[in-house]
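Worksheet for the structure shown next.
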Amino acid sequence: PRLVLALAGHCNLIRHIADAHLQQALARSPFCEIAIDLGLDPGIARTGYGLIEETAGAPTLLRCGCLTTPPGGDIADRLVTLGQDLTTLLTQIKPEQAVVESIFFGTNSTTAMATAQARGVLLYILRRHHIPIQALTPLQIKSRLTGSGRATKHQMQRVVMQRLHLSIAPSPDDAADALAAALSYT
């Protein structure tokens, strides 16, 4: 499957626990004050996603992982795959809002172009599903979670682990970044 759940090490156990919690969250009364936030870290090869449930201001991990496309394929086909995979995820989870990380690249224009195209597909699919979108730069996400736009990857991982009460850091980095984005929704 192209929807990949990856949390360092104990994938099956964590997936089982996260999916069980997700089913409980989705089965609750619609009158509860629950919000499901989606964070996305765009990329053409791997787009990280993170889903958290906010209940009375307390975030809980529902699921995280990566939407992947086959390397070396036609860019148009890879974008279609990405759009289909996000649509599948949205129909399974139905988040109330999303944060899509804005991109910034210095010198590699080829990578920047492909990532921008992937981001465009993500924005289109989210809008098509009527999901409110917040676009945040990596600096804004770091600042919202740590108080400093210069936070390191390690500092960000610690904050994500602390806020979501995790004993291990989310992996891969794309999924961890997406969880940080989801935690940054205001």
Would Thr47 and Leu86 count as a side-chain contact (heavy atoms from CB on, under 4.5 Å) here? Give the steps. CA-CA 10 Å; Thr47 291; Leu86 180 59; over 6 Å; no
Kindly give the heavy-atom pair with the smallest separation between [X] and [Y], and that separation in Å.
X      : Y      : answer
Thr68  : Asp85  : O-OD2, 3.8 Å
Ile52  : Pro59  : CD1-CB, 4.2 Å
Gly39  : Ala181 : CA-CB, 4.1 Å
Ile103 : Ala112 : CD1-O, 3.9 Å
Ala182 : Gly50  : CB-O, 3.8 Å
Ala135 : Ser102 : CB-OG, 3.8 Å

[X]: which residues meet the side chain to side chain donor-acceptor pair (under 3.5 Å) condition with it, sequence neighbours left out?
X      : result
Arg78  : Thr69
Asp37  : Gln97
Thr152 : Gln155

Can you check whether Ser143's main-chain N or O pairs, donor with acceptor, with Thr146's side chain at less than 3.5 Å? no
Any heavy-atom pair between the side chains of Ser184 and Lys142 that's under 4.5 Å?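 Contact flag for Lys142/Ser184 side chains = no.
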Is there a side-chain contact between Gln92 and Arg63, using heavy atoms and a 4.5 Å cut-off? yes
In Å, rounded to the nearest 0.5 Å, how long is the span from [atom1] of [X] to [atom2] of [Y]?
X      : Y      : atom1 : atom2 : result
Ile75  : Ile44  : CD1   : CD1   : 3.5 Å
Arg144 : Leu139 : CZ    : CG    : 11.0 Å
Leu183 : Met156 : CG    : CE    : 8.5 Å
Ile141 : Tyr185 : CD1   : OH    : 13.5 Å
Leu40  : Asp177 : CG    : CG    : 12.0 Å
Thr60  : Leu62  : OG1   : CG    : 7.0 Å

Got a sec, which residues hit salt bridge (charged side-chain N to carboxylate O under 4.0 Å, His left out) with Arg46, two or more places apart in sequence or on another chain?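 Partners of Arg46 by the salt bridge (charged side-chain N to carboxylate O under 4.0 Å, His left out) criterion, ordered by chain and then number, come out as Asp174.
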Return all side-chain donor-acceptor pairs below 3.5 angstrom for residues 117-131, not counting sequence neighbours, or 'none' if the list is empty.
from: Arg119; atom 1: NE; to: Glu101; atom 2: O; distance (Å): 3.1
from: His129; atom 1: ND1; to: Ile125; atom 2: O; distance (Å): 2.9

side-chain contact (heavy atoms from CB on, under 4.5 Å) with Ala178: which residues, sequence neighbours excluded? Asp41
List the steps, then state whether side-chain contact (heavy atoms from CB on, under 4.5 Å) holds for Thr88 with Leu67. CA-CA 10 Å; Thr88 299; Leu67 307 174; over 6 Å; no
Do Met113 and Leu82 share a hydrophobic cluster, counting only Ile, Leu, Val, Met, Phe, Trp and Tyr and linking them when any side-chain heavy atoms are less than 4.5 Å apart? no
Answer yes if Val80 and Tyr49 sit in the same cluster of Ile, Leu, Val, Met, Phe, Trp and Tyr residues linked by side chain heavy atoms under 4.5 Å apart, and no otherwise.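 Different clusters.
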